[in-house]
Amino acid sequence: MKRRLFVSIGGAAALAGCARISNAVNDNGLVHSIIGAAQPLDHALIGTHGRVRTYRESDIDADFRIDSLDTPSDSHYRDLVKTDYAGYRLVVDGAVEAKQVFALAELRAMQTYSEITRHDCVEGWSAIGKWAGVPLATVLAMAKPTPATRYVVFHCFDRDSGGQPYYESLDLHEAAHPQTVLALALNDRPLEPDHGAPVRLRVPTQLGYKSAKWVYRVELADSFRAIHGGNGGYWEDQGYEWYAGI
Ligand SMILES: Nc1nc2c(c(=O)[nH]1)N[C@H]1C(S)=C(S)[C@@H](COP(=O)(O)O)O[C@H]1N2
Ligand SMILES: [Mo]
């Protein structure tokens, strides 16, 4: 499949600038200390950009498009769906002081976020939906990133026809943004398998491919160079920009 990036040259240069600022902020001990205290980052204080706009119930698109590799069809994922995800565990590990393992019920009990935001796919379509879940910052604070941590890598159940798994990554700064969530529900219903059930990332400040579906592992790391193709994501390994801020 050939995909086209809807980013102009000027836009790409601006994005590279944002990425530099983002990395500088990410290196700042402030980000670590705020995450350690389980406080959402104050983007007005820190710089880069603030919250994305939110919408009204009446703006919700009844039909939220699906855009991904095939919904996993292996027996492990099928069994999870059949048993209402009883055996599902989300592992948070890597460069952390306190590895975490969550069952779905535990994540549901931690749900505090619900907002109506717009999803923007790089291919040019958008959809407005109400996403609910656990702020990623909450989970990161529990895992306690080590001072060396710079990135958060998301590992997914799906693979392409060549067997390559989907994955994504954010820097710690973007990961701790108050609107970056491990989403459990769309439009007041538990996620459907096609939308990434039982747990998917939702990053409304970034283009759609950053919002990894079917996440089973959140790995904290000082670098993503040694992970899969080394560019921080499935599409990044085929040339997409790693920094996909909107
Ligand atoms: N695991 C996984 N996550 C993924 C993808 C994918 O192929 N696999 N596609 C991405 C892309 S390109 C988009 S636009 C959104 C689409 O999310 P939706 O299918 O829930 O609309 O998921 C993103 N997350
Ligand atoms: Mo997309």
Side-chain angles (χ1 to χ4, degrees), residues 1-7 11 15 52 55 59-74 76-78 80-81 85 88 90-91 113-133 136 152-170 174-175 179-219 224 227-229 231-246:
M1 192 190 328
K2 194 96 178 120
R3 294 191 176 219
R4 207 161 78 78
L5 272 176
F6 283 72
V7 179
L15 289 182
V52 300
Y55 295 80
D59 297 322
I60 290 173
D61 288 304
D63 189 23
F64 203 107
R65 218 163 126 166
I66 289 155
D67 178 19
S68 48
L69 305 176
D70 291 343
T71 300
S73 58
D74 59 283
H76 175 63
Y77 186 75
R78 261 190 290 123
L80 288 178
V81 175
Y85 310 102
Y88 173 82
L90 179 73
V91 174
Y113 173 97
S114 178
E115 258 181 5
I116 301 169
T117 55
R118 198 185 63 206
H119 174 101
D120 298 305
C121 172
V122 70
E123 293 190 289
W125 62 271
S126 296
I128 293 171
K130 185 200 281 185
W131 294 94
L136 186 61
V152 183
V153 183
F154 305 88
H155 297 275
C156 308
F157 282 127
D158 58 325
R159 292 170 180 274
D160 69 13
S161 52
Q164 288 301 312
Y166 199 93
Y167 75 106
E168 255 304 337
S169 63
L170 299 171
E174 200 69 42
Q179 292 174 304
T180 300
V181 291
L182 294 169
L184 309 174
L186 173 60
N187 299 337
D188 298 317
R189 285 189 300 276
L191 283 182
E192 301 282 342
D194 286 344
H195 281 301
V199 179
R200 62 100 47 93
L201 187 67
R202 169 74 188 131
V203 194
T205 52
Q206 302 251 324
L207 290 170
Y209 60 89
K210 302 299 284 191
S211 289
K213 297 159 73 162
W214 306 296
V215 175
Y216 66 87
R217 180 180 176 212
V218 176
E219 178 189 9
F224 47 69
I227 299 170
H228 299 305
N231 298 292
Y234 175 84
W235 286 113
E236 287 86 335
D237 285 338
Q238 358 238 323
Y240 274 41
E241 293 284 342
W242 174 79
Y243 189 82
I246 294 170

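Scope of the values below: all heavy atoms of this structure, side chains included, with no hydrogens, waters or symmetry mates. The model shown is predicted, which means the values in this text are computed figures rather than measured ones. For this chain, numbers begin at 1 and follow the sequence in order. Each ligand, and each atom within it, is numbered from 1 in the order the structure gives.
For ligand 1 and Asp158, the ligand atoms under 4.0 Å from any heavy atom of the residue are 1 (N), 2 (C), 6 (C), 7 (O), 8 (N). Within ligand 1, the atoms closer than 4.0 Å to a non-hydrogen atom of Phe64 are 21 (O), numbered from 1 in the order shown. Close approach to Trp125 involves these atoms of ligand 1, each under 4.0 Å from a residue heavy atom: 14 (S), 21 (O). Within ligand 1, the atoms closer than 4.0 Å to a non-hydrogen atom of Cys156 are 1 (N), numbered from 1 in the order shown. Residue Trp214 has at least one heavy-atom neighbour below 4.0 Å for each of these atoms of ligand 1: 1 (N), 2 (C), 8 (N). Near Ala212, the atoms of ligand 1 lying under 4.0 angstrom from a non-hydrogen atom of the residue are 3 (N), 24 (N). Which parts of ligand 1 touch Leu69 is read off a 4.0 Å heavy-atom cut-off, strictly below it: atoms 6 (C), 7 (O). For ligand 1, the atoms sitting less than 4.0 Å from at least one non-hydrogen atom of Cys121 are 14 (S), numbered in the order shown with element in parentheses.
Under the 4.0 angstrom criterion for non-hydrogen atoms, Ser211 is in contact with ligand 1. Residue contacts with ligand 1 include His119, since one of its heavy atoms falls under 4.0 Å from the ligand.
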Run the side chain to side chain donor-acceptor pair (under 3.5 Å) test on Glu174 and Thr180 for me, step by step, so that the C-alpha distance in whole Å, both residues' side-chain angles and the decisive distance to 0.1 Å come before the verdict. CA-CA 7 Å; Glu174 200 69 42; Thr180 300; 5.1 Å; no
Output, in order, the C-alpha distance, side-chain angles, deciding distance and verdict of side chain to side chain donor-acceptor pair (under 3.5 Å) for Trp131 and Ser114. CA-CA 6 Å; Trp131 294 94; Ser114 178; over 6 Å; no
Decide side chain to side chain donor-acceptor pair (under 3.5 Å) for Trp214 and Tyr77; before the verdict, give the C-alpha distance in whole Å, the side-chain angles of both, and the deciding distance to 0.1 Å. CA-CA 9 Å; Trp214 306 296; Tyr77 186 75; 3.3 Å; yes
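Scanning both residues, Lys213 and Ser68, for their nearest heavy atoms gives NZ-OG, 3.0 Å. Shown here for Val203 and Leu170, the closest heavy-atom pair between the two residues is CG2-CD1, 4.1 Å. Heavy-atom minimum distance, Tyr234 versus Leu69: OH-CD2, 4.0 Å. The minimum heavy-atom distance between Tyr113 and Gln179, with the atom names listed, is CE1-CA, 3.9 Å.
Between Lys213 and ligand 1, a contact under 3.5 Å exists for at least one N or O pair. Geometrically, ligand 1 and Trp131 share no nitrogen or oxygen pair separated by less than 3.5 Å. In terms of polar-atom proximity, Tyr209 is not counted as a contact of ligand 1, lacking any N or O under 3.5 Å from an N or O of the ligand.
Remark: aromatic rings of Tyr166 and His155 are distant, center separation not under 6.0 Å.
Sequence neighbours left out, the pairs with a member in residues 191-211 that pass salt bridge (charged side-chain N to carboxylate O under 4.0 Å, His left out) are Glu168-Lys210, Lys210-Glu236.
Contacts between Tyr234 and ligand 1 below 4.0 angstrom, taking non-hydrogen atoms only, are absent altogether.
Looking at Val215, Val153, Asp158 one by one, the single match for side chain to side chain contact (heavy atoms under 4.5 Å, CB included) with Tyr167 turns out to be Val153.
Closest heavy-atom approach to atom 17 (O) of ligand 1 among the candidates Arg65, Arg200, His195: Arg200.
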